[in-house]
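Below is one structure, written out as structure tokens; the observations come after it.
Computed from a predicted structure; not experimentally measured. All residue numbers in this chain count up from 1 along the given sequence. In listed order, ligands and their atoms are each counted from 1.
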Amino acid sequence: MLFQFSLILPVYLLVATLMLLLSVRSWVLRPVPGATAWSMTMLFCAIYAIGSCLEIAFAKPDLKLAMDRVIYIGTTGFVFFWGIFAIQYSSQGHRLGRVTVSLLAIIPLTTLFLALFAEQHQLLYRSYEFVYEDGLIIGHVKTYGPLFWVWLAYSYIIFVGSWLLLLRSMFRAQALFRGQAWMVILASAAPMLVYFFQTTSLNLLSPFDPTILVMVFSGVVMLFAMTQYRFMDIVPIAYDLIFKNVKSGIILIDLKDRIVGINHAAEQILGCSEKKIIGKSVAEAMTSKSSILGEFWDAKDIKTEIAMSDIGPYYELQIAPLYNRREEWVGRLVMLYDITNRKQIEKQTLELTIERERVQLLQRFISHMSHDLRTPLTSIKVSQYLLRKELAGQHSVRLDSLTQQTERLTEMVESMLTLLRLEKDSLGDLLDLDVNDLIGYVIERNHALAGICGALVHFNGDKDLPQVLANRDELTLAFSNLLVNAMRYTPNGGEIRISTVRDIDHVVIRVHDNGIGISAEDLPHIFDRFYRADASRSTQNGGFGLGLTITKIVLERHAGTIDVQSQLGEGSEFCVRLPIAKAS
Ligand code: ADP
């Protein structure tokens, strides 16, 4: 007779099937931390159940002994992978090092290897005898060898260690995970019981085999954990990862006002550590930073902005009530979003708006003032003219000075009005212009001033210079300013050289003088409004510091550029570049 039947056989088969199903289910979820190890645990459990089932079913002693080996394959694999699972599950996917895995594998592999050749040594069993009744084997009597006790100690260390790890992770877990962690802890108690029954040969549940009952229990609990508590489900893991890693601070407070969850961002914002704060009441958990939230801690539903100091960082604080699935109020969720960037942008925008309004106000004031000054200036000029006639040569020095100052004032008012117009108005009609012609005209127009200043003006225009598309009046003004400056700041006997040349798709105009030059400190500012270099102040004939500003604006309106090179006491060179008109 090969087989003998027992009522317990179908139960073992059922358990084996259940374990195999659980193994396959977990295998599919391999990316989840611990799923692969759990799948292997279940597989080896199934092997254990099949081995146990066949050990009972086989009637021959040698076959029964063979199945004892299969049971060892099952138990060694089961204990080993259970340990791996507990470590991975409780550490949420931190990779286990090869060394740890290898160390954990030493005892199971040695035990398994020696168990396969148990007859050749007495390390595992000192004696192994079957108990017969009516010609049937009804059990066995074993006395264990030293290896067995080593293996047993290893198994207990793994089980107790795993238990502690799982317990710790349960206390740390968020509400959603606590349920599943409980399930796993419950299920993990089962293998310990199996071991206890097996090694003590104590069977409180006689005549049922306790091992198999415990395994059924364990399997059912795990099935429950999978279906009800989303054990091995990727979603809770993802939630947990999001909770931990999200950039906004999140704090969970229970109904007794205790902090039950805090993520990394909140730890940093409040300057406290999770270990110290968890489980404490809100009042106890106050740090110098978290006290900023002081007045809001009690709120159930609030949304406001807070600043950690006068200069930030700024946070949007939102406190919302938390409800469970049955819509019962279970606690509060405190969220802190960093809005420092937004606040800074808001502040900058506000500052910019205020600045713009200030500039507009100033522009309006200058515009009104300039316009208002025009009329009295004209009447002063007329009066001066009449006075000069009436006085017929008398007081001419005083009158000359009066006329000169009036001219300067008029020039200033006109410059300011020009500047305002350039900033407001569009470029207007553009014409194809010959820059050489234009410069010739500018030199001609300022001929009289050249005479007064005593500087010699040379012009060297490129014969094949292409045309530029420009507003004639504006360019005349820009080049006049450059030439007048060169004249003003070049002492008697100096030279001014103007040249034009083509450079690929630009016309380059250089205005060079060997006058007083500009110091290195002044150079970066000469295009600023109302800026006058110190050296030019000492000359009596300086302007108001608007000429170069106007020139630069005009050139920029024409997509051109202006650069300057100058050495104090040696002279200056202004280099203008204007794009060539498309048709040229
Ligand atoms: P201003 O009407 O005072 O000449 P500008 O805006 O035209 O004002 O020039 C600004 C300042 O740049 C001048 O005050 C002067 O100090 C300096 N500057 C401009 N052109 C020259 C130059 N060719 N040589 C020396 N200094 C110059």
> How does Ile518 reach ligand 1, if at all, at less than 4.0 Å between non-hydrogen atoms: by side chain, backbone, both, or neither?
Replying inline: side chain

> Heavy atoms only: which of Asp513, Asn485, Val511 is nearest to atom 7 (O) of ligand 1?
Replying inline: Asn485

> Do Phe527 and Val564 touch side chain to side chain, with heavy atoms closer than 4.5 Å?
Replying inline: yes

>> Taking the side chain as everything from C-beta on, heavy atoms only, tell me whether Leu420 gets closer than 4.5 Å to Ile366.
In response: yes

>> Checking the side chain of Gln318 only, and the main-chain atoms of Met335 only, is there a donor and an acceptor separated by less than 3.5 Å?
In response: no

> Is any N or O atom of Ala533, backbone or side chain, closer than 3.5 Å to an N or O atom of ligand 1?
Replying inline: yes

> Against heavy atoms of Arg488, which atoms of ligand 1 measure under 4.0 Å?
Replying inline: 2 (O), 4 (O)

> If you measure from each non-hydrogen atom of Ser572 to ligand 1, which part falls under 4.0 Å: side chain, backbone, both or neither?
Replying inline: side chain

> Non-hydrogen atoms of Asn481 versus ligand 1: any pair closer than 4.0 Å?
Replying inline: no

> Would you call Glu556 and Arg577 a salt bridge, taking side-chain N to carboxylate O under 4.0 Å as the test?
Replying inline: no

>> Using a 4.0 Å cut-off to any heavy atom of Tyr531, which atoms of ligand 1 qualify?
In response: 10 (C), 11 (C), 14 (O)

> Is the NZ or CZ atom of Arg472 both under 6.0 Å from the centre of the six-membered ring of Tyr441 and within 45° of that ring's axis?
Replying inline: yes

> Of the listed options (Leu523, Asp522, Leu548), which comes nearest to atom 6 (O) of ligand 1 when hydrogens are ignored and any heavy atom counts?
Replying inline: Leu548

>> I want to check something: taking the side chain as every heavy atom from C-beta on, are Ile550 and Ser415 in contact at a cut-off of under 4.5 Å?
In response: yes

>> Show the atoms of ligand 1 that are less than 4.0 angstrom away from any heavy atom in Ile526.
In response: 6 (O), 10 (C), 12 (O)

>> Strictly below 4.0 Å, N to O, side chains only: are Arg332 and Asp257 in salt-bridge contact?
In response: yes

> Numbering the atoms of ligand 1 from 1, which are under 4.0 Å from a heavy atom of Leu546?
Replying inline: 6 (O), 8 (O)

>> Please check: side-chain N/O of Arg445 versus main-chain N/O of His447, any donor-acceptor pairing under 3.5 Å?
In response: no

>> More than 12 heavy atoms of other residues, nucleotides or ligands under 6.0 Å from CZ of Phe459: yes or no?
In response: yes

>> Could you tell me, atom by atom, which parts of ligand 1 come under 4.0 Å of a heavy atom of Phe574?
In response: 20 (N), 23 (N)

> Heavy atom of Gly515 under 4.0 Å from ligand 1?
Replying inline: no

> Does Phe527 come within less than 4.0 Å of ligand 1, judged by its heavy atoms?
Replying inline: no

>> Is there a polar contact, in the sense of an N or O pair closer than 3.5 Å, between Gly545 and ligand 1?
In response: yes

